[in-house]
Asker: 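The structure follows.
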Amino acid sequence: MAVVHTVMVVEQGDPGAHPAVALIGTSAGSAGHASPSSPARRTTLAPLVDGWLRHDRRIHVPCDDSVSRFVAGAELPLRRSRGYAPLPLALPFDVPPVLAAGADLKNTCALAQGRYAWVSQHVGDMDDLATVDALSGTVAHLEALTGVEPGLLAADRHPGYRSGDWARARAAGRPVRTVQHHHAHVASVMGEHGVGPAEEVIGVAFDGTGYGTDGAAWGGEMLLAGYASFRRAAHLAYVPLAGGDASVLRPYRMALAHLHAASVALDEDLPPVRACREGEQAVLQHQFTTGFGCVPTSSMGRLFDAVASLVGVRQEVDYEAEAAVGLEGLARAAGPPPAGLPDRYAFAVRPAAGPSGTEPAVADAAPVIRAVVADLRAHVPPEEIAAHFHACVATLVADLADLCRQRSGLERVALGGGVFQNAVLLEAVQHVLTERRLTVLRPRLLPPNDGGIALGQLLIAASD
């Protein structure tokens with residue numbers, strides 16, 4: 001089923017011209033949701049379209065378009081679906097029959113047995129019943145296609161994830177093993193690169209949000225990871241995440257949180273301060289000070305949102321990472337900083353603490369935020385600020401990877417998490433790690449975002 005939009009086009013500067021008619025055909029899907037397979041979608045879409053193109057053949061297996069980028073000499077999948085799924089992926093070790101439920105955003109599921117895994121097409125965001133039903137149908141199709149009858153299920157450790165609820169509701173007495181989100185990101189990259197069952201890597205997991213072992217919202221993580229276990233080696237310093245998804249959709253709130261953490265006054269010359277609704281700023285200040293209604297977050301994705309807000313890219317967004325995508329565009333327009341010049345932005349890294357360095361190192365973004373504000377007030381172009389910010393994040397990855405190498409002797413670095421959809425950042429990180437003689441493992445077969453996480457879940461569950 002497809003919908004047709006009619007658009008009247010008149011060439012500018014010619015008021016007497018007859019308008020041309022442009023027909024725009026799209027699928028009947030909604031953003032983030034499962035691809036529709038039923039004419040029932042006509043009910044919700046009817047006010048938005050001019051016509052319908054239909055046929056009487058039932059859609060047995062809905063499958064969205066695949067999306068990829070070409071980054072630093074290799075394909076980088078963003079959504080692995082039509083044309084790719086469910087082609088089997090070779091595994092580095094034998095696994096029992098296992099089903100991974102995936103994550104709640106950009107959901108895919110995966111089945112595996114022996115030395116092969118089958119990762120499904122893109123299912124969607126698990127925020128409505130239709131997508132949950134689509135996950136059930138996708139699993140049934142994979143089981144019929146492969147003949148795998150899973151005796152073990154794997155799901156994200158987040159207690160509120162609908163994908164986890166789905167797995168538990170359908171376990172029927174089978175064990176359900178929960179997997180930490182960022183560990184799964186790293187294990188997915190390890191698996192596609194054939195890392196062995198007894199080997200470990202330095203894992204970099206940068207994304208928007210994942211449930212941490214301490215109950216915080218992780219997302220800027222350096223791990224020393226194998227399949228069976230991981231250790232948190234370093235992370236971004238916590239800042240308050242006020243109101244959960246409200247701060248995801250309003251990047252100015254994350255900017256205010258980072259300004260508060262950096263002890264920067266909330267003056268009206270800063271774009272996020274001007275964007276804050278009347279009365280909201282006082283409420284947020286109270287939350288930041290008291291912690292009421294806040295969860296601490298180490299998210300790199302939210303830091304990108306904050307910097308995007310500061311330079312005026314977006315103050316509110318319609319979808320996750322929209323502001324960060326704009327910041328990447330600015331950085332690309334500026335080009336790389338001149339070679340040989342020290343970057344003027346730098347994180348403050350507090351070394352590992354505790355007995356024998358058992359506590360992770362902490363990278364504080366406060367100096368970066370203060371430097372960005374200083375550049376804004378000095379009228380430095382936003383493109384230049386964006387380029388320097390990307391460069392300093394790449395330098396941070398390399399510096400922390402060096403610390404991890406010194407502690408562990410490991411020399412392979414696996415890059416995972418949705419932040420590495422950013423081509424400017426991925427290219428810079430890959431370059432600086434290679435310069436420091438570290439081996440880079442980056443996603444090539446599966447997306448770095450949550451669309452690739454199911455493979456990591458099943459490899460970890462099978463190693464438990």
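This is a predicted model, so every value here is computed, not measured.
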Asker: Less than 4.0 Å between a side-chain N and a carboxylate O, is that true for Glu200 and Arg231?
Answerer: yes
Asker: Does Gln180 use its side chain to pair, donor to acceptor, with the backbone of His182 at less than 3.5 Å?
Answerer: yes
Asker: Taking the basic N atoms (NZ, or NE/NH1/NH2) and the acidic carboxylate oxygens, is any pair closer than 4.0 Å for Asp165 and Arg168?
Answerer: yes
Asker: Between atom CG of Leu327 and atom CD of Glu322, what is the distance when rounded to the nearest 0.5 Å?
Answerer: 13.0 Å
Asker: Given 3.5 Å as the limit, does a donor-acceptor pair link the side chain of His158 with the main chain of Gly160, or not?
Answerer: yes
Asker: Any side-chain to backbone donor/acceptor pair from Arg405 onto Glu411? Under 3.5 Å, distance only.
Answerer: no
Asker: Any side-chain donor-acceptor pair under 3.5 Å between Thr131 and Asp128?
Answerer: yes
Asker: Salt-bridged, Asp402 to Arg436, with N to O below 4.0 Å?
Answerer: yes
Asker: With sequence neighbours excluded, what pairs up with Thr439 under the side-chain contact (heavy atoms from CB on, under 4.5 Å) test?
Answerer: Arg412, Leu441
Asker: Between Arg69 and Glu328, does any NZ, NE, NH1 or NH2 come within less than 4.0 Å of an OD or OE carboxylate oxygen?
Answerer: yes
Asker: I'd like to know if the side chain of Ser120 and the backbone of Cys109 have a donor-acceptor N/O pair within less than 3.5 Å.
Answerer: yes
Asker: Does Val179 have any side-chain contact (heavy atoms from CB on, under 4.5 Å) partners at least two apart in sequence or in another chain, and if so, which?
Answerer: Ala184, Gln457, Ile460
Asker: Check whether any side-chain N or O of Ser66 sits under 3.5 Å from a backbone N or O of Arg82 as a donor-acceptor pair, and report yes or no.
Answerer: yes
Asker: Looking just at side-chain N and O atoms, do Glu427 and His431 make a donor-acceptor pair shorter than 3.5 Å?
Answerer: no
Asker: Quick one: do Glu75 and Arg444 make a salt bridge, cutoff under 4.0 Å?
Answerer: no
Asker: Just by distance, no angles: are the side chains of His390 and Asn422 close enough, under 3.5 Å, to form a donor-acceptor pair?
Answerer: yes
Asker: Do Glu280 and Tyr252 have a side chain donor and acceptor closer than 3.5 Å?
Answerer: yes
Asker: Looking only at side-chain N and O atoms, does His122 offer a donor or acceptor that is under 3.5 Å from a partner on Asp64?
Answerer: no
Asker: Phe230 and His183: ring-ring contact (aromatic ring centres under 6.0 Å, His included), yes or no, with the steps?
Answerer: CA-CA 7 Å; Phe230 73 94; His183 187 197; 4.8 Å; yes
Asker: I'd like to know if Glu359 pairs up with Arg350 as an ion pair, taking the criterion as any Lys NZ or Arg NE/NH1/NH2 lying under 4.0 Å from an Asp or Glu carboxylate oxygen.
Answerer: no
Asker: Please confirm whether the backbone N or O of Asp127 pairs with a side-chain atom of Asp125, one donor and one acceptor, at under 3.5 Å?
Answerer: no
Asker: With a 3.5 Å distance limit and no angle check, can you tell me whether Arg442 reaches the backbone of Leu415 through a side-chain donor-acceptor pair?
Answerer: no
Asker: Contact between Glu316 and Leu249 at the side-chain level, heavy atoms closer than 4.5 Å - yes or no?
Answerer: no
Asker: Please examine the side chains of His185 and Phe420, heavy atoms only from C-beta on, and report whether any two atoms are closer than 4.5 Å.
Answerer: no
Asker: For Ser247, enumerate each residue passing the side-chain contact (heavy atoms from CB on, under 4.5 Å) test, keeping only those at least two apart in sequence or located in another chain.
Answerer: Leu241, Ala242, Arg253, Met254
Asker: Is there side-chain contact between Asp375 and Arg344, with at least one heavy-atom pair below 4.5 Å?
Answerer: yes
Asker: So does Asp269 pair up with Arg274, basic N to acidic O under 4.0 Å?
Answerer: no
Asker: Examine distances only and state if a side-chain atom of Arg314 and a backbone atom of Ser309 form a donor-acceptor pair shorter than 3.5 Å.
Answerer: no
Asker: Between the main-chain N or O of Pro62 and the side-chain N or O of Gln121, is there a donor-acceptor pair closer than 3.5 Å?
Answerer: yes
Asker: Are the side chain of Asp450 and the backbone of Ile453 linked by a donor-acceptor contact shorter than 3.5 Å?
Answerer: no
Asker: When you compare the side chains of Tyr161 and Asn107, does any donor N or O come within less than 3.5 Å of an acceptor on the partner?
Answerer: no
Asker: Mind checking whether Phe389 and Phe304 have ring centres under 6.0 Å apart?
Answerer: yes
Asker: Regarding Thr213 and Trp218, do their side chains bring together a donor and an acceptor under 3.5 Å, going by distance alone?
Answerer: no
